[in-house]
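Nothing here was measured: the structure is a model prediction, and the numbers come from that model. Numbering of ligands and ligand atoms starts at 1, following listing order.
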Amino acid sequence: MSPVELRSDTFTVPDEGMRTAMARAEVGDDVWGTDPTVHALEERCATLLGFEAAVYVVSGTMGNQLALRAQVRPGEELLCHEDAHIVMYERGAAAVHGQLTTRTWSADGGLPDIDRLRSLVRPAGYSPVRTALIAVENTFGSNAGRVVGLADLRQVRALAAELGLALHCDGARIWNAHVASGTPLSSYGEVFDSMSVCLSKGLGAPIGSVVVGSAATVAVARDMRARLGGGWRQAGIIAAAGIYALDHNIERLAEDHRRARLLAEAARVDPGAVETNMVFIPTPDADAYVAAAATAGVLVSAVSPTVVRVVTHLGVTDADADHAAKVLASLA
Ligand SMILES: *Cc1c(COP(=O)(O)O)cnc(C)c1O
């Protein structure tokens, strides 16, 4: 039996149906704006999330960075969580490419309380650095894929409107938040000025993310994508995988969430803390845990010296989950 892959939902590989859709995709030259499959994917995402426009990009990192740069000018500031993907994993891109400054908040979930958030925004006229944008990650990956709730997001929307800030969602796993909470995708869309959503995590496409926003924001993002060398030609071949993923793999995320809770119970973690497809397991020596699990045929990862992360996805069957549960129980 090959090892059970629980390190990330990025390890998913296209199934037969997805590969067939890719093989049959009608394509054009997307740099010339003539790839019908790319257009279809962009329109689909804009409609699903309730935005004017969308642009298909190579990665979630590129999606976030284009959205930030389209809405924050050099020397202006963005606010996000101290452990957000935007500051933890994007290699300082906001500073390197965008000349943006970043300030961060700490909070267990994805958001601090609204008064704390308000206190971080620099008041207009009192500082030469203008706070221009708030970025919220949903689900919040650095704390076990927690869902940021719509009521909290609406409070942030009101604050952003009052203070004239843009609001961006790093929605790499917005699909998981939608399925776990029952919140319509368009309700998330109503709250934000822009979103970056990944097709290559739990949805199972091999490559690709989409930025949605106003026509003006997306036009700037498209221009910057070209400047970074992100213009692509017969991209419909992979856009077809994205459309297939949206058609087939959103509702089934509930299965991943169910298996994650099962693994949490096995690992003696409160299943109530597992809202989506991630389990964080506290342990005295995360590296030793990872090595012992690997020896028993289960691949997990260490996210800190004392926390192990387990991620379920469409490549994990019930039989895989049962085997993994036994191994995690033996390590608990
Ligand atoms: C994966 C991920 C991204 C984007 O990642 P890429 O590897 O660049 O596609 C952005 N935000 C979060 C929260 C993610 O998990």
Side-chain angles (χ1 to χ4, degrees), residues 5-14 41 45 49 54-69 78 80-94 96-98 102 104-105 107 109-111 133-148 153 167-180 188 192 194-212 221 224-225 228-230 232 235 238-239 241-242 245 249 253 256-257 260 275-280 301 303 307 309-314:
E5 179 55 80
L6 298 172
R7 286 177 294 179
S8 176
D9 47 9
T10 56
F11 281 89
T12 53
V13 293
L41 174 65
C45 287
L49 294 155
V55 57
Y56 182 41
V57 300
V58 67
S59 67
T61 299
M62 186 183 266
N64 280 332
Q65 293 302 322
L66 295 179
L68 295 178
R69 294 186 62 191
L78 74 99
C80 67
H81 193 287
E82 64 186 357
D83 295 328
H85 194 280
I86 285 173
V87 283
M88 284 267 282
Y89 297 107
E90 300 187 6
R91 272 61 168 190
V96 172
H97 294 307
T102 301
T104 57
W105 66 72
L111 276 177
L133 180 144
I134 298 172
V136 181
E137 188 173 305
N138 199 10
T139 63
F140 180 51
S142 291
N143 190 358
R146 295 285 179 88
V147 175
V148 182
L153 292 173
L167 191 55
H168 171 71
C169 177
D170 178 353
R173 296 188 182 83
I174 197 68
W175 324 106
N176 299 79
H178 156 65
V179 167
Y188 289 126
F192 291 103
S194 60
M195 300 176 76
S196 171
V197 298
C198 287
L199 303 163
S200 63
K201 300 270 168 90
L203 292 195
I207 298 168
S209 286
V210 176
V211 180
V212 292
M224 286 185 176
R225 182 188 69 166
L228 289 171
W232 37 9
I238 48 172
N249 294 342
L253 292 170
D256 300 341
H257 301 171
E275 297 182 4
T276 59
N277 67 331
M278 288 184 198
V279 185
F280 277 24
S301 63
V303 290
V307 179
R309 186 181 82 159
V310 169
V311 186
T312 56
H313 53 78
L314 56 71

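Between E90 and ligand 1, no pair of N/O atoms sits closer than 3.5 Å. The shortest N/O to N/O separation between A172 and ligand 1 does not fall below 3.5 Å. For ligand 1, the polar-atom distance check finds an N/O of R173 within less than 3.5 Å of one of the ligand's N/O atoms.
Every atom of ligand 1 is numbered from 1 in the order shown, and the set under 4.0 Å from a heavy atom of E137 is 13 (C). Applying the 4.0 Å criterion to heavy atoms of K201 picks out, from ligand 1, the atoms 1 (C), 2 (C), 3 (C), 4 (C), 5 (O), 14 (C), 15 (O). Atoms of ligand 1 lying under 4.0 Å from any heavy atom of G60, numbered from 1 in the order shown and given with element: 4 (C), 6 (P), 8 (O), 9 (O). Interface of S59 with ligand 1, defined as ligand atoms under 4.0 Å from a residue heavy atom, comprises 8 (O), 9 (O).
With a 4.0 Å cut-off on non-hydrogen atoms, N64 touches ligand 1 through its side chain and not its backbone. With a heavy-atom cut-off of 4.0 Å, T61 touches ligand 1 through backbone and side chain alike. Residue contacts with ligand 1 for M62 are absent, since no atom lies close enough (heavy atoms, distance under 4.0 Å).
By the 4.5 Å heavy-atom criterion applied to side chains, L78 and H168 are not counted as neighbours. At least one side-chain heavy atom of N64 sits less than 4.5 Å from a side-chain heavy atom of E90.
Of the protein's non-hydrogen atoms, D170 OD2, 2.6 Å is the one closest to atom 11 (N) of ligand 1.
Taking the six-membered ring for Trp and thresholds of 30 and 60 degrees, H81 and W105 have ring planes more than 60 degrees apart, a perpendicular arrangement.
Checked by atom type and distance alone, the side chain of H178 never pairs as donor or acceptor with a backbone atom of Y188 at under 3.5 Å. Looking only at distances, a side-chain donor or acceptor of W175 sits under 3.5 Å from a matching main-chain atom of C198.
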For this session: Show your working on side chain to side chain contact (heavy atoms under 4.5 Å, CB included) between V311 and L6 and close with a plain yes or no.
Result: CA-CA 5 Å; V311 186; L6 298 172; 5.7 Å; no
Exercise. Run the side chain to side chain contact (heavy atoms under 4.5 Å, CB included) check on H257 and V179 step by step: do they pass?
Worked result: CA-CA 9 Å; H257 301 171; V179 167; 4.2 Å; yes
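Under a cut-off of 6.0 angstrom, the local environment of OH in Y89 is sparse, with at most 12 non-hydrogen atoms contributed by other residues, nucleotides or ligands.
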